[in-house]
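Below is one structure; the comments refer to it alone.
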Amino acid sequence: EAPFITVATLRHQGTESIAVSGKSITIHKIAADITFKVSFFGQVQTETTEFTLWYAPSIGIQARVSVPARERNGSVDNGDFEELISYSLK
């Protein structure tokens with residue numbers, strides 16, 4: 001078995017429109033689950049990260065990302081939300 005395995009599952013959940021730099025752009029909502037599996041000296045550890053991103057194909061970048069808060073190893077990781085508010089194509 002490989003010492004490090006990554007499995008990503010992406011699900012398209014539709015489209016939305018947002019205003020960025022005063023312009024309306026179409027974004028695609030994508031739910032993602034990424035599972036990391038590490039084998040080290042016979043010990044196997046698995047962790048899954050879930051998040052949602054919104055991709056803007058017209059500008060070639062993600063316009064939004066949301067990562068929920070979660071408990072991990074007895075502590076709580078804060079969630080995160082980022083949103084594109086302006087851009088410049090060169």
Side-chain angles (χ1 to χ4, degrees):
E1 184 175 326
F4 186 79
I5 299 171
T6 302
V7 177
T9 304
L10 306 173
R11 296 173 305 284
H12 187 262
Q13 297 188 316
T15 59
E16 301 174 20
S17 291
I18 63 168
V20 178
S21 295
K23 298 177 185 175
S24 179
I25 60 172
T26 299
I27 56 177
H28 294 264
K29 183 177 181 181
I30 301 166
D33 301 322
I34 299 178
T35 300
F36 303 95
K37 183 177 180 182
V38 178
S39 177
F40 192 69
F41 292 113
Q43 297 281 71
V44 177
Q45 191 164 15
T46 301
E47 183 174 322
T48 298
T49 299
E50 300 172 356
F51 60 95
T52 303
L53 65 88
W54 289 260
Y55 179 72
S58 64
I59 57 175
I61 61 173
Q62 73 185 34
R64 233 185 241 161
V65 65
S66 176
V67 180
R70 65 187 177 125
E71 185 176 342
R72 182 174 73 177
N73 298 328
S75 64
V76 175
D77 288 342
N78 292 328
D80 188 35
F81 182 81
E82 299 174 17
E83 184 170 69
L84 180 67
I85 56 172
S86 68
Y87 68 97
S88 174
L89 297 177
K90 296 180 180 184

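Under the ring-ring contact (aromatic ring centres under 6.0 Å, His included) criterion, the residue pairs touching residues 8-64 are His12-His28, with sequence neighbours excluded. Residues in residues 6-30 take part in these salt bridge (charged side-chain N to carboxylate O under 4.0 Å, His left out) pairs, two or more places apart or across chains: Arg11-Asp33, Glu16-Arg64.
For Ser21 against Ser86, the heavy-atom pair with the smallest separation is OG-CA, 3.0 Å.
Between Leu84 and Gln62, every side-chain heavy-atom pair lies at or beyond the 4.5 Å cut-off.
From Ser17, atom OG reaches atom CD1 of Ile27 across 7.5 Å, with rounding to the nearest 0.5 Å. Taken from OG1 in Thr9 to CD1 in Ile30, the straight-line distance is 13.0 Å, to the nearest 0.5 Å. For the atom pair CD of Gln13 and CG of Leu53, the computed distance is 10.0 Å after rounding to the nearest 0.5 Å.
Among the candidates Ile34, Thr35, Val38, the single residue satisfying the side-chain contact (heavy atoms from CB on, under 4.5 Å) test with Thr6 is Ile34.
Enclosure of atom CD1 in Ile85 is not indicated, since only 12 or fewer non-hydrogen atoms of other residues, nucleotides or ligands lie within 6.0 angstrom.
Every residue two or more places apart in sequence or in another chain was checked for a salt bridge (Lys or Arg N to Asp or Glu O under 4.0 Å) with Glu50, and none qualifies.
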